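Data block below; observations after.
Count residues from 1 along the sequence. Every value quoted in this text rests on a predicted model; they were computed, and no experiment measured them.
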Amino acid sequence: MAGRARLVGVDSIRKALDEGVSLARVLVGEDDRSVDVSALVVAAEAAGIPVSRESAREMRRMSESDEPEAALAVAGPVLPSTLDELMGSPGLVLVLAGLRYPSNVGFILRAAEVSGAAGVVLETAWKAGEREEALRVSIRADRFLAVLDASTEQAATSARDAGRRIIAVETSGDALPWTTDFARPACLFLGSETEGLPVAVLETADVIVRVPTRGFIPSYNVQAATSMMLGEYLRQTANARS
């Protein structure tokens with residue numbers, strides 16, 4: 001999570017609240033009505049911090065331990081709510097243009113959050129319930145990751161205004177993932193396998209990246225291509241909080 005940190009336990013979260021530390025979200029067990037947890041929830045909500053009540057299984061998974069913590073929190077700024085706020089935030093931004101399947105979008109949202117991206121912009125003509133399905137597949141990554149809807153044109157303009165490089169992923173590219181500079185603020189554009197990226201995006205891109213293939217099928221599933229790009233982003237920024 002770009003510019004963010006994990007806080008574990010009621011005491012550490014309460015201390016952060018008392019010290020005025022910015023918290024993006026607090027998570028507590030859905031059935032935990034203990035005095036300490038209830039008081040923490042009241043204090044967090046009074047401070048305008050979103051509180052999520054999670055299942056014991058989810059709290060255990062998020063706690064990264066055999067026993068679930070009573071409370072967890074994301075220390076850092078509140079998630080951006082506008083395109084310009086997102087583009088002005090630290091960390092990689094992904095733009096998904098015309099992806100049709102909620103499963104693909106959900107996978108990418110989760111991968112983006114796990115890799116510490118700042119957020120994802122979606123240009124998708126959703127049918128009823130499909131956006132919610134994508135968020136479900138992502139294991140509700142939108143709790144910790146900005147997920148905004150905008151056109152690719154709006155995203156490209158906002159990225160430029162924020163000083164971000166535009167990196168397009170397309171089979172026609174002449175750059176490779178490991179020759180692409182992720183050290184500077186960037187916006188990664190990915191399209192559907194059938195339509196690809198709009199010509200306008202390719203024309204304005206600073207670099208067009210091709211993920212190499214060796215088989216007969218000419219391209220990867222967008223999930224796989226995104227994962228390889230995020231892996232390279234992580235490799236290059238391993239020692240940086242960007």
Check: Does any N or O in the side chain of S12 come within less than 3.5 Å of the main-chain N or O of G9, such that one atom is a donor and the other an acceptor?
Finding: yes
Notebook entry, point to check: Hey, what do you get for CG (L86) to CG (L79), rounding to the nearest 0.5 Å?
Noted result: 9.5 Å
Check: Is there a path from I139 to M62 through hydrophobic residues (I, L, V, M, F, W, Y) whose side chains come within less than 4.5 Å of each other?
Finding: no
Next item on the list: Work out which heavy atom in A168 is nearest to a heavy atom in L197; give both atom names and the distance.
Entry: CB-CD1, 3.6 Å
Check: Should P185 and P90 count as side-chain neighbours, where that means a heavy-atom distance under 4.5 Å?
Finding: no
Margin query: Rounded to the nearest 0.5 Å, what separates atom CD1 in I166 from atom OG1 in T157?
Written below: 8.0 Å
Notebook entry, point to check: In terms of hydrophobic clustering (I, L, V, M, F, W, Y; side-chain heavy atoms under 4.5 Å; direct or indirect links), are F189 and L83 co-clustered?
Noted result: yes
Margin query: Please check: side-chain N/O of T204 versus main-chain N/O of V201, any donor-acceptor pairing under 3.5 Å?
Written below: no
Check: Should L99 and V222 be marked as a side-chain contact (heavy atoms from CB on, under 4.5 Å) after you check the CA-CA gap, both sets of side-chain angles, and the distance that decides it?
Finding: CA-CA 9 Å; L99 270 62; V222 67; 3.9 Å; yes
Next item on the list: Run the numbers on V209 and I167 for side-chain contact (heavy atoms from CB on, under 4.5 Å), then give the verdict.
Entry: CA-CA 7 Å; V209 180; I167 301 172; 3.6 Å; yes
Next item on the list: May I have the step-by-step check of side-chain contact (heavy atoms from CB on, under 4.5 Å) for Y220 and M228, ending in yes or no?
Entry: CA-CA 10 Å; Y220 295 93; M228 283 185 266; 3.7 Å; yes
Check: Given the rule that I, L, V, M, F, W and Y join up when any side-chain heavy atoms are under 4.5 Å apart, are L23 and V51 in one cluster?
Finding: yes
Item checked: Student check: side-chain heavy atoms of V121 and V93 closer than 4.5 Å -> yes
Margin query: Per the side chain to side chain donor-acceptor pair (under 3.5 Å) rule, what does the pair list look like for residues 77-95, sequence neighbours excluded?
Written below: S81-E85, D84-S158
Notebook entry, point to check: What pair of heavy atoms forms the shortest contact from A150 to E123, and how long is it?
Noted result: O-CB, 3.3 Å
Margin query: Show me the pairs that pass salt bridge (Lys or Arg N to Asp or Glu O under 4.0 Å) and involve residues 19-41, at least two apart or across chains.
Written below: K15-E19
Notebook entry, point to check: If you look at every heavy atom in A44 and L17, which pair is closest and at what distance?
Noted result: N-CD1, 4.1 Å
Margin query: With heavy-atom distances below 4.5 Å as the criterion, would you say the side chains of V26 and S52 are in contact?
Written below: no
Notebook entry, point to check: Looking only at heavy atoms, which two atoms of A155 and V95 are closest? And how far apart?
Noted result: CB-CG2, 3.8 Å
Notebook entry, point to check: Any idea which heavy atoms bring A162 and G88 closest together, and the distance?
Noted result: CB-N, 4.3 Å
Note to self: Could you measure the distance from the CZ atom of R210 to the OG1 atom of T180? Nearest 0.5 Å is fine.
What the structure shows: 11.0 Å
Next item on the list: Could you note down all residue pairs passing side chain to side chain donor-acceptor pair (under 3.5 Å) where residues 100-110 supplies at least one of them, sequence neighbours left out?
Entry: N104-Q223
Next item on the list: Taking the side chain as every heavy atom from C-beta outward, state whether T124 and L96 have any pair of such atoms under 4.5 Å apart.
Entry: no
Notebook entry, point to check: Which residue pairs pass the salt bridge (Lys or Arg N to Asp or Glu O under 4.0 Å) test with at least one member in residues 158-187, sequence neighbours excluded?
Noted result: R160-D206, D181-R184
Item checked: Side chains of T213 and T171 in contact at under 4.5 Å (non-hydrogen atoms) -> no
Check: If you take all heavy atoms of Y233 and S115, which pair is closest and at what distance?
Finding: CE2-O, 3.8 Å
Check: From R61 CZ over to S55 OG, what is the distance, rounded to the nearest 0.5 angstrom?
Finding: 9.0 Å
Margin query: Please determine whether residues L7 and L27 belong to a single hydrophobic cluster, defined as Ile, Leu, Val, Met, Phe, Trp and Tyr linked transitively by side-chain heavy-atom distances below 4.5 Å.
Written below: no
Next item on the list: With sequence neighbours excluded, give me every side chain to side chain donor-acceptor pair (under 3.5 Å) pair touching residues 142-152.
Entry: E54-R143, E58-R143, R131-D149, R140-D142, S151-Q154
Next item on the list: Please confirm whether the backbone N or O of F182 pairs with a side-chain atom of Q236, one donor and one acceptor, at under 3.5 Å?
Entry: yes
Next item on the list: Give a yes or no on whether V28 and F144 share a hydrophobic cluster (residues Ile, Leu, Val, Met, Phe, Trp, Tyr; joining criterion: side-chain heavy atoms under 4.5 Å apart).
Entry: no
Margin query: Assess whether a salt bridge exists between E130 and K127, defined as any Lys/Arg side-chain N lying under 4.0 Å from an Asp/Glu carboxylate O.
Written below: no
List the atom pairs, with distances to 0.1 Å, where a side-chain N or O of residues 67-75 and a protein N or O form a donor-acceptor pair under 3.5 Å, not counting sequence neighbours.
none

Item checked: Step-by-step side-chain contact (heavy atoms from CB on, under 4.5 Å) determination, T179 to V207 -> CA-CA 10 Å; T179 65; V207 59; over 6 Å; no
Margin query: Once rounded to the nearest 0.5 Å, what's the spacing between atom CG of L230 and atom CD1 of I108?
Written below: 8.5 Å
Notebook entry, point to check: So, S138 side chain and L109 main chain: donor-acceptor pair closer than 3.5 Å or not?
Noted result: no
Item checked: Nearest-0.5 Å distance, CD of residue E232 to CG of residue L176 -> 10.0 Å
